Amino acid sequence: MVMTPPRRRRAALTAALLSTALVLTACGGDADEPAEAAATTRSVTAGNGTIEIPAAPQRVATIGNTTLPFIDIGGKPVGVTAESESDVGLLPADQQATYAAATILAASADEVDMEKLAGLKPDLILTQIPDAEFALIEKQLAAIAPTVFFGLDTEWKALAGGLAEAGNLTERFSQQKAEFEGKVTKIQQTYGGIAGKTSFVDVTRWSSSDPGTFAIADIGCSEIARDDIGLDFPKAAAGADPLAWTALPFEQIGSLSTYDVITYPVDAQGRPTAPFAPVVETNTWKALPAVNAGRALGVFCPGNNSYGSVVRYLDSLDSALASLPADK
């Protein structure tokens, strides 16, 4: 599951259908195109069925949540829906440059300029948006270029693999996946002794969180630590909303004293993230046993929707776990 702040999670993606005639014209192929061109295509299966796409797409546009994971596996999109400055700032420098070179299809991620998209002449469109919103624009997108759609419930590993397959980037994807699996194994072997006898909790604040509130993060990067590595992080009951969606008042920070180890979000320099900084400044936080015992660990999570960003998280988690004081 991709960790998404509540406000962003509810954002709708609507299309500015500025010129249907232009869109239909832009997608039209040459009626005299030789039949052997079919050999340059292949089929992929996604949330919108089996789609015939170019065997080696050259001009890919990304809409919604596909942009950053596509760039992470080496993709160079010609057009993208805008990402927040904070999210782009977490990317490695080369990926930031790739993002900056793409045409922004909308000033924000909640609408797509179809005329601008058609003008880019993409040969493939990748999109992950709410199902209902995709249904409204599916025909317009498909009229521009073959469109591969992933629902919001697509697990991040499946999304990364699907983007790699569609974008013809499987070699880089396989390298990243192998690196991820190797780091998971290393952490399991190194810290297996504490996995079953140490209780963890991951706490966070969103940039959109109400003042004086925090949340227990049971999705996102801590979900990887729990489900892939096997560390004892809490999670919501089956069928219930994630714990991360419930805002807790600062008065409940003291309840974290029941956990052996606390993880919290930091930036690439190891400083508490701006939204979370108010938590560490409270006297209640400073009085927590885990904080006083050196068992409150800042962990950097640049994202959890592609193998490259998750590998960076695992590196940070590994370093944080290495700093735990030895048991008495």
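Not measured: the values here are computed from a predicted model.
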Would you give the length of the straight line joining atom [atom1] of [X] to atom [atom2] of [Y], rounded to the nearest 0.5 angstrom?
X	Y	atom1	atom2	value
I51	F149	CD1	CZ	11.0 Å
L321	L231	CG	CG	6.5 Å
L68	D72	CG	CG	8.5 Å
K76	L169	NZ	CG	10.0 Å
C301	D202	SG	CG	8.5 Å
N65	W156	CG	CH2	15.0 Å

Original post:
With the threshold set at 4.0 Å, does a side-chain nitrogen-carboxylate oxygen contact exist between D260 and R295?
Top reply: no
Mind listing the closest non-hydrogen atom pair of [X] and [Y] along with its distance?
X	Y	result
Q140	L136	OE1-O, 3.3 Å
V60	P57	CG2-CB, 4.0 Å
A293	P325	O-CG, 3.3 Å
T81	G64	OG1-N, 2.9 Å
P289	S257	CD-CB, 3.7 Å
A225	F233	CB-CE1, 3.7 Å

Within the side chain of [X], is there an N or O that forms a donor-acceptor pair under 3.5 Å with the backbone of [Y]?
X	Y	answer
R59	L120	yes
R42	A55	yes
T198	I194	yes
R205	D210	yes
T190	I187	no
S316	V299	no
D267	T273	no
S222	A217	yes
Q269	R271	no
N292	L288	yes

With the 4.5 Å side-chain cut-off for hydrophobic clustering, are [X] and [Y] part of the same group?
X	Y	answer
V280	W206	no
V201	L297	no
I144	V112	yes
V310	F300	no
V261	L314	yes

**OP:** Dump the intermediate steps for side-chain contact (heavy atoms from CB on, under 4.5 Å) on Q176 and V311, then the final yes or no.
**Re:** CA-CA 8 Å; Q176 289 183 332; V311 162; 5.9 Å; no
**OP:** Please state whether the rings of Y264 and F276 are parallel, tilted or perpendicular, taking 30° and 60° as the class boundaries.
**Re:** parallel
Original post:
Quick check: are there more than 12 heavy atoms from other residues, nucleotides or ligands sitting under 6.0 Å from CD of E281?
Top reply: yes
**OP:** Take atom CD of Q188 as the centre, draw a 6.0 Å sphere, and report whether it contains more than 12 heavy atoms from other residues, nucleotides or ligands.
**Re:** yes
Hey, are the side chains of [X] and [Y] touching, using non-hydrogen atoms and a 4.5 Å cut-off?
X	Y	result
V80	I104	yes
P92	R312	yes
D218	P234	no
I63	L141	yes
Q189	T185	yes
Q95	V88	no
F200	Y259	no
L317	I229	yes

Original post:
Are W285 and L256 close enough, and set up right, to give a side-chain contact (heavy atoms from CB on, under 4.5 Å), and what steps lead you there?
Top reply: CA-CA 9 Å; W285 173 268; L256 302 176; 4.2 Å; yes
Subject >> Y191 and D318: CA distance, side-chain angles, deciding distance, side-chain contact (heavy atoms from CB on, under 4.5 Å) verdict >> reply: CA-CA 9 Å; Y191 304 103; D318 192 5; 3.2 Å; yes
Original post:
Given the rule in the side-chain contact (heavy atoms from CB on, under 4.5 Å) test, do I219 and W245 qualify, once you have shown the distances and angles that lead to the verdict?
Top reply: CA-CA 10 Å; I219 56 178; W245 295 358; 3.8 Å; yes
Subject >> Member of I53, T147, T66 meeting the side chain to side chain contact (heavy atoms under 4.5 Å, CB included) criterion with L126 >> reply: T66
Original post:
Would you say the side-chain atoms of S86 and S84 include a donor-acceptor pair closer than 3.5 Å?
Top reply: yes
**OP:** Start with the C-alpha gap between D228 and K157, add the side-chain angles, then the distance that decides, and say whether salt bridge (charged side-chain N to carboxylate O under 4.0 Å, His left out) holds.
**Re:** CA-CA 12 Å; D228 288 282; K157 295 175 187 175; 2.7 Å; yes
